[in-house]
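Below you'll find the structure, written out as structure tokens, and then a few comments.
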2 protein chains.
Amino acid sequence: MSKKAQVLLVGCGGVGTIAALNLETGGHAAVTAVLRSNYSRVISDGFHIKSCDHGDIPNWKPSQVVNTIPTQSEVCFDYVVITTKNTPDHLPTMADLIEPTIVPGKTVIVLIQNGLNIERPFLEKYPDNICLSGVSLIGSHETAPAVIEHEDPDRLIIGAFQNPLLQKETGDAIAHQFVKMYSGSGKTDCIFTSDVPFHRWQKLVYNACLNPICAITGLDTGRIRLAEDTVSTLLRPAMQEVVAAAKAVGIILPSGIEDRMINIDPLTMYLRPSMLEDVQKGNLVEFETLVGEPLREGISRGVSMPTLTVLYHTLKAMQWRLKEQRGIIDVPAKGEYLKDGSK
Amino acid sequence: MSKKAQVLLVGCGGVGTIAALNLETGGHAAVTAVLRSNYSRVISDGFHIKSCDHGDIPNWKPSQVVNTIPTQSEVCFDYVVITTKNTPDHLPTMADLIEPTIVPGKTVIVLIQNGLNIERPFLEKYPDNICLSGVSLIGSHETAPAVIEHEDPDRLIIGAFQNPLLQKETGDAIAHQFVKMYSGSGKTDCIFTSDVPFHRWQKLVYNACLNPICAITGLDTGRIRLAEDTVSTLLRPAMQEVVAAAKAVGIILPSGIEDRMINIDPLTMYLRPSMLEDVQKGNLVEFETLVGEPLREGISRGVSMPTLTVLYHTLKAMQWRLKEQRGIIDVPAKGEYLKDGSK
């Protein structure tokens with residue numbers, strides 16, 4: 001690793017910016033960050049990062065800052081790291097967006113994102129490329145444009161998604177390389193796993209349940225525990241359904257995982273899961289990868305998932321409202337006559 | 001009916017004000033209205049009523065306007081008509097509040113309110129009094145303090161709640177009297193029913209389903225129908241569960257009732273059910289009588305009600321949030337240490 005790896009990083013919010021900072025700090029990577037909403041701010045003033053791992057950095061920029069996906073003729077990236085939210089119900093998809101930069105059979109795609117089956121559109125479109133999974137346990141938020149507050153250490157679990165066209169060993173070797181590169185700073189806890197599905201399902205016990213229940217009720221993870229019997233009537237049943245779906249897929253999660261996840265956030269910190277934040281900010285929510293996919297995996301194997309079913313369809317209706325708010329969906333004017341002559 | 005009946009009316013919002021106006025217009029009743037939020041406004045300027053039944057009335061007052069429940073030593077009321085929202089999870093209950101004005105065995109209590117088992121606290125506290133049911137199909141809203149917009153005609157179905165200590169005929173006769181008094185204006189459609197449970201359950205097909213689904217998703221009744229498959233995945237399953245619960249109780253609702261209720265509001269009028277309005281205004285929601293009671297009736301008889309179960313517990317969590325917003329519930333300060341030493 002004498003020569004620096006070229007990394008294209010898409011999505012510099014709370015998670016992505018710390019990943020970019022950590023990769024640059026480690027000395028083995030040069031990061032080109034693709035920014036959208038905070039682009040002009042970062043160009044002029046850089047990021048202001050307050051990080052529990054890296055300290056307070058008032059004006060930080062990665063090696064390159066761009067606002068569109070570069071083409072492979074401009075720079076040949078070794079890794080394309082994606083740290084955006086995942087909303088496959090809203091086109092264009094990320095797999096389509098990164099097309100100009102992907103060299104078939106070469107560029108390694110790294111998805112530091114939550115949820116299940118997120119690799120499918122990438123494996124389908126880039127069947128000869130290695131796709132890595134990053135399960136991040138970081139606590140980091142963009143509290144204002146280009147202001148990153150990183151309060152809970154960066155812990156990242158890296159492994160290779162199973163690619164039916166490639167040897168498992170090939171993917172694992174690349175995953176190990178990425179872990180080495182990401183660990184260069186000595187400031188983060190980045191580990192390799194050979195069992196990506198286990199870690200993805202384990203995190204879903206939190207993400208497929210606390211995220212939707214908080215987003216729908218408007219309560220944070222502390223208040224969910226304070227609010228009478230919400231844990232016993234909604235949260236625990238949803239978690240048990242996810243554990244049962246995982247089991248049907250062949251993944252045995254540790255016993256007591258539900259209680260661990262229920263109590264993982266300090267109660268009086270009143271943490272808001274990302275999906276609640278998104279609803280409150282009017283952003284689209286990543287309900288398909290966090291809730292829809294585990295639901296479909298379980299239901300298709302005959303698992304009874306009544307709680308997750310209602311949560312999923314509720315989120316789908318909320319997403320429709322968010323899309324209308326953002327101008328993605330139009331509705332007929334008030335009082336307008338419809339095609340059948342009714343109002 | 002030569003002498004005017006004395007009517008105490010509690011809750012002059014959209015429904016109650018039109019009831020008061022209609023009763024006074026009919027000439028058989030003198031209405032004393034108990035007001036809270038709009039009291040001083042009505043005292044100074046009266047109500048401004050724009051009514052499809054009664055016309056535009058810029059400055060209307062009932063016979064008396066008060067801001068507390070009178071005692072029976074002040075006035076002896078023949079009827080106490082309650083048109084408030086119903087939130088039995090928040091004390092004091094209406095059955096307690098009206099105690100000063102109730103003459104045991106004499107005052108007739110009329111509940112023009114939605115939901116199920118709403119008569120129970122009244123029958124328990126006033127076992128010798130007749131309690132009438134009013135199922136209202138009006139469209140009327142208080143759009144600003146003391147401003148009432150009444151756009152859909154007042155249709156009221158009156159009957160006697162079953163009182164185990166009284167003859168059914170006694171209650172039915174009083175219900176007929178009330179219908180006659182309420183019909184005096186000639187401007188409303190007020191009918192008698194001998195089958196109160198049928199009409200209450202029938203209205204629940206709308207109220208136990210559209211109210212919560214709209215309140216939770218933030219969509220009105222038009223958008224619920226526009227939003228992809230929300231009708232087939234959430235609304236219709238919930239309605240089918242209510243129909244099944246009614247059947248288990250012994251009430252056969254008309255076939256096709258689900259479709260009638262799904263399409264009852266004109267799509268492009270984008271009507272917001274009261275529960276959605278309440279959530280948006282930060283008011284408490286009447287989820288126990290609209291959703292909790294039909295759910296408990298069905299579940300206790302072995303009916304499978306997975307959709308309504310999740311909707312109910314979601315509303316309960318939302319109600320907790322609304323109570324905290326209104327200062328009814330306190331939570332520990334952020335970062336405060338709990339009794340077990342944890343945060």
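A, B, ... follow the sequence lines: proteins, then strands. Residue 1 opens every chain. Just so it is clear, the model here is predicted, and its values are computed rather than measured.
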Given heavy-atom pairs under 4.5 angstrom as the criterion, report whether the side chain, backbone, both or neither of [X] touches chain B.
X: A:Lys334; result: both
X: A:Asp229; result: side chain
X: A:Glu324; result: side chain
X: A:Ala238; result: neither
X: A:Thr230; result: side chain
X: A:Ile213; result: neither
X: A:Leu267; result: both

Rounded distance (nearest 0.5 Å) linking atom [atom1] of [X] with atom [atom2] of [Y]:
X: A:Lys343; Y: B:Tyr270; atom1: NZ; atom2: OH; answer: 12.0 Å
X: A:Met269; Y: B:Glu336; atom1: CE; atom2: CD; answer: 12.5 Å
X: A:Leu226; Y: B:Asp330; atom1: CG; atom2: CG; answer: 11.0 Å
X: B:Arg223; Y: A:Trp320; atom1: CZ; atom2: CH2; answer: 6.0 Å

Worksheet entry | B:Leu315 versus chain A, the contacting section by heavy-atom distance below 4.5 Å | neither
Discussion item. Checking the side chain of A:Arg321 only, and the main-chain atoms of B:Thr217 only, is there a donor and an acceptor separated by less than 3.5 Å?
Written reply: yes
Worksheet item: Under 3.5 Å, side chain of B:Thr233 to main-chain N/O of A:His313, donor-acceptor pair present?
Response: no
Worksheet entry | Atom of B:Ala333, atom of A:Thr268 and distance for their closest heavy-atom approach | O-CB, 3.7 Å
Worksheet, complete the sentence: Closest non-hydrogen atoms of B:Val310 and A:Leu311, given as atom of the first, atom of the second and distance, are CG1-CD2, 4.4 Å
Worksheet entry | Residues, nucleotides or ligands: over 12 heavy atoms within 6.0 Å of A:Lys323 NZ | yes
